[in-house]
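Presented below is the structure to which this report refers.
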Amino acid sequence: MGKLKVGILISGRGSNMAALVEAAQKPEFPAEVRCVVANRPDAKGLDFARQHGIPAILVDHKAYASKAEFEAAVTDALVAHDVDFVCLAGFMRIVSPGFIERWHNRLINIHPSLLPSYKGLHTHERALADGVKLTGCTVHFVRAEMDVGPIVAQAAVPVIAGDTPDSLAARILTAEHRLYPLALRLIAEGKATVRGEIVEIAPNAVDETARLFSAR
Ligand code: GAR
């Protein structure tokens with residue numbers, strides 16, 4: 001079976017993209033990164049992609065009259081690089097139903113909370129304000145409603161006394177960098193499949209996910 005051909009959309013730093021690229025550089029990883037697309041010219045992640053020999057494409061949303069035209073240009077770039085699966089990695093534009101339909105069940109996102117808690121922005125500030133003791137990150141298939149969609153994998157991260165939004169974000173980001181490659185691998189291996197708006201994890205993969213994120 002060939003590798004899953006992945007395109008990654010970013011808006012900024014791109015550390016999750018970098019984690020996916022690094023995972024995909026291992027020969028046994030079942031997905032390959034075909035290109036990275038950014039919607040902002042100052043997206044730092046573009047440099048990382050170029051340095052790793054991955055086509056890095058700028059599709060500046062400001063250059064398009066409408067969201068539909070911008071998204072059509074993104075899809076054109078992905079198709080031109082033979083992409084058949086898309087990962088949003090800190091892509092800070094809300095994607096339209098048309099784009100989601102075009103990439104139906106071939107479009108995933110990482111979000112810095114344990115969904116369905118803390119959808120949207122300022123997740124860490126809100127988690128701290130609520131005094132929750134566990135938060136984390138989620139990889140999910142994208143649906144028209146923001147931060148909703150079949151959940152592929154999650155990692156729980158403790159909130160520690162004295163945490164600030166920044167310290168909590170940093171702890172969660174470390175978990176994101178492990179979670180996103182794991183989630184993509186499960187999908188690429190056919191071990192995480194959408195059935196009726198739930199992701200079914202193959203029985204032989206349940207242990208792997210649990211082991212990766214069990215308390216140490
Ligand atoms: C990550 O924490 C990601 O989960 C979050 O933005 C950060 C991007 O960092 N995404 C969202 O909030 C999406 N709603 P990165 O550019 O270094 O990967």
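Read the numbers this way: they start at 1 and go in the same order the structure lists the ligands and their atoms. Just so it is clear, the structure is predicted and the values come from calculations on it, not from any experiment.
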State plainly whether the residues [X] and [Y] are in salt-bridge range, i.e. N to O under 4.0 Å.
{"X": "Arg195", "Y": "Glu200", "result": "yes"}
{"X": "Glu197", "Y": "Arg143", "result": "yes"}
{"X": "Glu176", "Y": "Arg178", "result": "no"}

For [atom], which protein heavy atom lies nearest, and how many Å away is it?
{"atom": "atom 14 (N) of ligand 1", "result": "His111 ND1, 3.5 Å"}
{"atom": "atom 11 (C) of ligand 1", "result": "Pro112 CD, 3.7 Å"}
{"atom": "atom 9 (O) of ligand 1", "result": "Arg13 NH2, 3.0 Å"}

Query raised in the report: What is the ring orientation for Phe85 with Phe141, classed by angle as parallel under 30°, tilted 30 to 60°, or perpendicular over 60°?
Result: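 Correct class here is perpendicular.
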Query raised in the report: Should the ring pair Trp103 and Phe99 be called parallel, tilted or perpendicular, given that the plane angle runs from 0 to 90° and is split at 30 and 60?
Result: tilted
Closer than 4.0 Å to some heavy atom of [X] - which atoms of ligand 1 meet that?
{"X": "Glu176", "answer": "1 (C), 2 (O), 3 (C), 4 (O)"}
{"X": "Leu173", "answer": "2 (O)"}
{"X": "Ser15", "answer": "15 (P), 16 (O), 17 (O), 18 (O)"}

Query raised in the report: Can Arg34 and Asp84 be said to form a salt bridge (charged side-chain N to carboxylate O under 4.0 Å, His left out), step by step?
Result: CA-CA 9 Å; Arg34 304 282 305 178; Asp84 47 34; over 6 Å; no
Report summary line: To atom 13 (C) of ligand 1, the nearest of His122, Met146, Met92 on a heavy-atom basis is Met92
Requested in this report: Closest by any non-hydrogen atom to atom 16 (O) of ligand 1: pick that one out of Gly90, Gly12, Ser11, Gly14.
Outcome: Gly14
**Report entry** Contact with ligand 1 for Ile10, non-hydrogen, under 4.0 angstrom
**Finding:**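 Distance cut 4.0 Å: Ile10 fails for ligand 1.
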Requested in this report: Could you identify which residues cluster with Met92, counting Ile, Leu, Val, Met, Phe, Trp and Tyr as linked when any side-chain heavy atoms lie under 4.5 Å apart, either directly or through a chain of such contacts?
Outcome: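 So far as hydrophobic clustering goes, Met92 is joined with Leu121.
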